[in-house]
Number of protein chains: 2
Amino acid sequence: MKKNAKNELIKYDHPCPIRDVLDRIGDQWSLLILKSLEHDVMRFNTLHKEIGDISRQMLSRTLKRLENDGYITRTVYAQVPPRVEYALAELGLSFLKPMNTLIQWADENHEAICRARKTQNL
Amino acid sequence: MKKNAKNELIKYDHPCPIRDVLDRIGDQWSLLILKSLEHDVMRFNTLHKEIGDISRQMLSRTLKRLENDGYITRTVYAQVPPRVEYALAELGLSFLKPMNTLIQWADENHEAICRARKTQNL
DNA sequence: TCAAATAGTCTATATTGTAGACTAATTATA
DNA sequence: TATAATTAGTCTACAATATAGACTATTTGA
């Protein structure tokens, strides 16, 4: 993150929509979470198990950001033990289309990628 | 990264193409680099200036990964000072389509995202 | 009485990213 | 002749971020 002389965060004023979107969903987990929510409402622990290798902290953080940005909704039921459900919001639903274009490309080119890939762990 | 009892990296065997693609291009910089190369061959420093807020180390690393995976090519000219050109390879070219679908969505929803976004810096 | 379940948070540690100095070789400029 | 500029990276010390796993509160069921 850039800072100015007073060590304050320089707020990036997003002149560029690509950046704007990538800054939020171009991370390791957001797409996987949105994909998991494609067909079903999900609870925190279910998502945690489904994705498998995400830490609870990152799951929590990423869900907060996705909610904050309007991709998903978070519904709390007054129960014990707690029940919190995450679901796609309008923006998330609309995002499915480009996301699935990407996923389709991934499917179609999976083999080509494996063939092209020379080294593991670069 | 997951490790086993002997502290060796557990090699993720990529049963899932989405993961396979996201693990490589789902980072902060890859899409921006590929987008920069869409219309032009580019040199290292030019990319560095164009993207602006990437460190040289990350640029170097990301370019290596993209080359290794077959998205881009790297051509060295025997000159001094050195001239190294990066260009889209076949896989990179084919990736433009889903990438631009994503970018188009970003453009179209830019406003909605800004409206939905409640908090900066989450 | 004790375990189980849930949705997180907290903390110590491990991993990853950053800025900026540095390199070697040649040309251009003063 | 000395000095600066140029290039594509690498290196290092430091900063930021992610991880694993312990922990919380509350209620139900055994």
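Quantities reported herein were computed from a predicted structural model and do not represent experimental measurements. All chains are named by letter (A, B, ...) in the order of the sequence lines, taking the proteins before the strands, and each is independently numbered beginning at 1. We use all heavy atoms of the structure for the numbers below, so side chains are in, but hydrogens, waters and symmetry mates are not.
Distances shown here put every side-chain N or O of Lys64(B) at or beyond 4.0 Å from the OP1 or OP2 atom of dA8(D). Taking only side-chain nitrogens and oxygens, Arg43(B) comes nearer than 4.0 Å to OP1 or OP2 of dA8(D). Contact annotation: Arg56(B) does not reach the phosphate of dA19(C) (side-chain N/O to OP1 or OP2, under 4.0 Å).
Within a 6.0 Å radius of CD in Glu111(B), other residues, nucleotides and ligands contribute 12 heavy atoms or fewer.
When the P atom of dA5(C) is taken as reference, atom CG of Asn45(A) falls 10 Å away, rounded to whole Å. At whole-Å resolution of the value, CZ in Arg65(A) and C1' in dT17(D) are 11 Å apart. Per the geometry, CZ belonging to Arg83(A) stands 10 Å off P belonging to dT6(C), to the nearest Å. Across the protein-nucleic acid pair, Gln79(B) atom CD and dG9(D) atom C1' stand 16 Å apart, rounded to whole Å. Taking atom CD1 of residue Ile54(B) and atom P of nucleotide dG9(D), one finds them 13 Å apart after rounding to whole Å. In this entry the distance linking CD of Glu67(B) with P of dG9(D) reads 9 Å, nearest Å. Glu85(A) places its CD atom 16 Å from the C1' atom of dG8(C), with the value rounded to the nearest Å. Rounded to a whole Å, the CG atom of Asp53(B) is 16 Å from the C1' atom of dG20(C).
The residues Arg61(A) and Asp27(A) are annotated as not salt-bridged, no charged nitrogen and carboxylate oxygen being separated by less than 4.0 angstrom.
The main-chain N or O of Arg24(A) is found under 3.5 Å from a side-chain atom of Ser30(A) such that the two form a donor-acceptor pair.
Map Pro82(A) and Arg61(A) each onto its nearest nucleotide of DNA chain C; the residue landing nearer the 5' end is Pro82(A). Residues Trp29(B) and Ser60(A) both approach DNA chain C. Their nearest nucleotides, taken by heavy-atom distance, put Ser60(A) toward the 5′ side.
Contact check for Tyr71(A) versus Arg65(A): no side-chain heavy atoms found under the 4.5 Å cut-off. Side-chain contact between Ser60(B) and Lys64(B): present, with at least one pair of heavy atoms (C-beta onward) separated by less than 4.5 Å.
Nearest nucleotide to the side chain of Phe44(B), out of dT19(D), dA8(D), dT26(C): dA8(D).
Among the protein residues, Tyr77(B) comes within range of no part of the nucleic acid, since none of its heavy atoms lies under 4.0 Å from any strand. Within the nucleic acid shown, Gln57(A) comes within 4.0 Å of at least one base atom, counting heavy atoms only.
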